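See structure below.
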Amino acid sequence: MRADAILETRGVTVRFGGVTALENVDFRLDNGELRCLIGPNGAGKSTFFKCLTGLLVPSEGSIYLQGEDFTGAHPHAIARRGVGIKTQVPSVMNTLSASENIWLSARQAQTSREANRTTEEVLQRLELQDIATDEVATLAHGKRQLVELGIVMAGRPSLVLLDEPAAGLTGEEVERMVSVIHELNRDAALVIVEHDMHFVRSIAQAVTVFHQGRVLTEAPVEAVMADPSVRDVYLGKRA
Amino acid sequence: MLREASLSAIIGLILMLVAPFVFDDIYTLTVLVIYGLLALSLGFIWGFGGILCFGQAAFFGLGAYAFAIASINFAEPWAAALIALIVPALFAAALGAMLFYGRLSDVYLAVVTLVATLILFKFMNSTAGSAYKIGNARLGGYNGIPGFDTLTLPWDRSEYLIDESLYYFCALILLAAFLGLRWLLTAPFGRILVGIRENELRAELVGYDVRLIKTLAFAIGGMLAGMAGMLFANWAEIVTPNLFSLSQSAEVIIWVIVGGAGSLLGPIVGAFALGALKFFLGQQTLVDNLFVLGSLLVLAVLFLPRGIVPTIALLFKGRRKGIRKKGARRTSRRRVRHAR
């Protein structure tokens with residue numbers, strides 16, 4: 001494994017009974033890189049994402065974080081290694097306030113005083129001060145997505161895994177999300193699972209395309225858009 | 001925060017001092033305080049940790065039995081009291097570790113804890129033979145263990161804690177447990193525990209070992225229930241397998257539901273109210289005790305799903321908000337008039 005790879009998988013395979021959801025996936029992500037994972041439904045993106053987060057243990061293969069084997073590690077151990085995770089449906093603590101949600105994330109690796117400072121900082125960066133004391137359950141979907149990103153940010157991760165961060169957002173919110181992702185990318189490498197190709201174009205440098213549980217291709221976003229095999233299986237002729 | 005805690009402590013102390021003058025039956029009052037502590041132990045793990053334990057009576061009974069057995073063997077009631085905290089806490093930690101590291105879901109957790117209690121109940125009932133003894137203490141089967149030394153004043157070993165002195169000791173412990181848990185819930189551990197209750201997956205994804213934190217919370221709840229059991233042994237001066245009974249387990253849950261699981265005060269209020277009612281009903285033969293308790297549970301679930309204390313708190317909160325809104329409206333009207 002090369003020293004500048006923050007994440008690498010070798011031969012990751014996942015089987016559910018007789019069904020192979022992922023087959024022999026080799027993937028690497030360098031420090032500071034931003035990579036989008038795309039592909040049709042059932043291509044294996046989410047299964048791969050779950051393997052990276054520790055929510056699913058691969059049947060075969062290995063996952064390395066900063067050169068260390070983390071295959072089958074518990075999600076909390078992966079998070080402690082500096083991996084921030086945002087799930088598809090905002091996974092937040094509903095009856096707690098936005099600031100309490102962010103504080104709990106910051107407190108994991110910091111003292112209470114430092115966590116207070118980090119919380120203020122994150123609320124400011126995401127412009128969430130107005131809703132800081134609001135119960136998260138009462139917030140709109142877009143704000144909840146931002147609160148979850150705040151939770152991720154507060155952990156000061158070196159690798160961020162985002163599952164469909166633009167899902168269900170309005171045009172204005174998507175723009176905000178793009179700038180937040182670029183901001184995150186200043187300090188961390190990112191892997192983003194996404195369907196929305198406009199969104200992918202606006203954030204990604206490189207894209208990995210999944211198809212039928214395998215990596216179909218891996219290339220810069222424009223090259224992928226022009227790739228006939230990708231157009232065939234995913235984008236369609238008019239893309 | 002400190003002001004609120006001091007206020008709670010002062011109110012608690014006043015209630016504790018006034019209660020014996022309001023209720024002249026100090027014996028019943030003492031056991032209500034003990035029930036309050038037992039309910040508080042479940043209120044903490046259920047209301048704040050989201051762990052519905054059907055077997056809080058197991059820790060309660062273990063605390064009582066551990067005290068009786070240690071007191072007979074060591075003839076040192078204060079050392080026995082310490083053992084009565086350690087044994088249930090360790091048992092809860094072991095059981096909790098098995099449940100949480102084993103990734104058992106909520107329903108299974110409730111079933112396993114209930115079964116653990118019933119096993120202890122069955123086992124203790126079948127220990128009548130002379131072979132069942134720990135050191136000098138015979139377990140005594142369904143007759144239980146009588147005749148052990150109870151707590152004395154630490155500075156005068158001939159002065160037993162009994163009647164008023166036992167009441168004040170139990171009330172002080174309840175107050176200390178209440179304030180201790182209040183503090184714990186505002187400390188990072190408590191805040192993380194509430195976060196886990198809200199979203200276990202999110203807590204894991206930010207790096208908390210949910211299994212460990214839940215096991216610790218479960219052990220704290222077990223220790224508090226054991227403490228209640230130890231006090232019960234001192235109050236009753238006998239321990240019997242009934243401490244592990246199904247009705248004991250069910251009653252604690254009813255107290256917590258009726259009082260309100262989402263607060264620390266709720267379970268204590270529930271235990272006091274329903275415990276007092278149980279004693280009152282026990283003095284008559286017209287209506288069955290369990291029938292009344294069961295009916296109250298159904299009514300509470302239907303009409304007060306949050307429980308007594310959280311509902312009252314919500315009403316006050318709503319009223320305060322209403323008053324504040326009215327005040328704000330008046331101020332803005334005055335401003336408008338002033339501007340004109």
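Chain letters run A, B, ... following the sequence lines, proteins first, then strands; residues in each count from 1. None of the values given here were measured: they were computed from a predicted structure.
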Please determine whether the number of non-hydrogen atoms from other residues, nucleotides or ligands lying under 6.0 Å from atom NZ of A/Lys86 exceeds 12.
yes
Mark yes when over 12 heavy atoms from residues, nucleotides or ligands other than B/Phe54 sit less than 6.0 Å from its CZ; otherwise mark no.
no
If you count every heavy atom of other residues, nucleotides or ligands that lies below 6.0 Å from B/Tyr101 atom OH, does the total exceed 12?
yes
Chain A: which of B/Arg191, B/Glu198, B/Glu204 shares the most heavy-atom pairs with it under 4.5 Å?
B/Arg191
Heavy-atom contact with chain A under 4.5 Å, split by part of B/Ala187:
neither
Distance in Å, B/Leu205 CG paired with A/His76 NE2, rounded so as to fall on 0.5 Å steps
11.5 Å
Does CZ in B/Arg306 sit with more than 12 non-hydrogen atoms of other residues, nucleotides or ligands closer than 6.0 Å?
no
Chain B contact via A/Ile78 - which portion, at a heavy-atom distance below 4.5 Å
neither
For chain B, which residues from residues 87-115 of chain A have at least one heavy atom closer than 4.5 Å to it?
A/Thr87, A/Ser91, A/Val92, A/Met93, A/Asn94, A/Thr95, A/Leu96, A/Glu100, A/Trp103, A/Leu104, A/Ser105, A/Arg107, A/Gln108, A/Ser112
How would you list, in number order, the residues of residues 151-160 of chain A that have a heavy atom less than 4.5 Å from chain B?
A/Ile151
